[in-house]
Amino acid sequence: MDTWATWTTQGIIAGSGGVGTAEGGPITGDLTVHTTWIEGLAQVTVQHTGATEWYAMQGSPVPAADEDTGRAVHQAAVETVKAGGGAALTFPV
């Protein structure tokens, strides 16, 4: 049986310097964070709100043993975006 969950938070204004992505460095502005947790792994992506392209957040994927931990990873990603500085996701914080 597959176990999964997703969380999306829109309208996050990235802090100065934006958030680091695996594909092309930091992105800035009004961002959406999306986390998919599937069987022990949380994959975090970001996009400019309303855009079609998604970028893997630096530091993702993150091991997350259960759904509650996956949700905590998502919240850590939201806080990382708010902090800016071109930062990568670190978990646990």
Side-chain angles (χ1 to χ4, degrees):
M1 179 171 131
D2 291 334
T3 303
W4 63 275
T6 65
W7 303 273
T8 303
T9 304
Q10 297 179 327
I12 304 164
I13 304 302
S16 179
V19 62
T21 66
E23 291 84 2
I27 62 171
T28 61
D30 183 344
L31 304 178
T32 296
V33 175
H34 180 78
T35 303
T36 302
W37 173 77
I38 300 173
E39 296 182 343
L41 200 61
Q43 174 70 45
V44 181
T45 56
V46 295
Q47 74 170 180
H48 289 101
T49 298
T52 58
E53 301 84 16
W54 289 93
Y55 303 97
M57 194 168 174
Q58 279 185 332
S60 176
V62 175
D66 54 36
E67 187 174 338
D68 288 340
T69 305
R71 178 67 177 100
V73 169
H74 179 77
Q75 189 57 45
V78 168
E79 296 306 318
T80 298
V81 170
K82 288 179 182 178
L89 174 64
T90 56
F91 188 84
V93 284

Side-chain atoms of residues 68-77: list all donor-acceptor pairs with protein atoms under 3.5 Å, sequence neighbours left out, distances to 0.1 Å.
residue: Thr69; atom: OG1; partner: Asp66; partner atom: OD1; Å: 2.7
residue: His74; atom: ND1; partner: Thr35; partner atom: OG1; Å: 2.7
residue: His74; atom: NE2; partner: Thr9; partner atom: OG1; Å: 2.8
residue: Gln75; atom: NE2; partner: Glu79; partner atom: OE2; Å: 2.8

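Side-chain contact between Val44 and Val62 is absent, with no heavy atoms from C-beta onward closer than 4.5 Å. For the pair Ile27/His48, a side-chain contact is recorded, criterion being any heavy-atom separation below 4.5 Å from C-beta on. Between Thr21 and Val46 the shortest side-chain heavy-atom distance falls below 4.5 Å.
Under 3.5 Å, the side chains of Thr49 and Thr32 contain a donor-acceptor pair of N or O atoms. Defined by atom type and a distance below 3.5 Å, a donor-acceptor pair is present between the side-chain atoms of Thr8 and His34. For the residue pair Glu39 and Thr3, no side-chain donor N or O sits within less than 3.5 Å of a side-chain acceptor on the partner.
The two residues Ala22 and Gln58 make their nearest non-hydrogen contact at N-CG, 3.8 Å. Thr28 and Gly17 make their closest contact through CG2-C, 4.0 Å (heavy atoms, listed as atom of the first residue, atom of the second, distance). In terms of heavy-atom proximity, Pro26 sits nearest to Gly86 at CB-CA, 4.1 Å. Minimum heavy-atom separation, Ala87 to Val19: O-CG2, 3.5 Å. Considering all non-hydrogen atoms of both residues, Glu53 and Gln47 come closest at O-CB, 3.0 Å.
Taken to the nearest 0.5 Å, the CE atom of Met57 stands 9.5 Å off from the CG atom of Leu31.
Screening residues 8-33 for salt bridge (Lys or Arg N to Asp or Glu O under 4.0 Å), with sequence neighbours left out, gives no hits.
The hydrophobic cluster containing Trp7, built from Ile/Leu/Val/Met/Phe/Trp/Tyr side-chain heavy atoms closer than 4.5 Å, also comprises Trp37.
Linking Ile, Leu, Val, Met, Phe, Trp and Tyr residues whenever their side-chain heavy atoms come within less than 4.5 Å places Tyr55 and Val78 in a single cluster.
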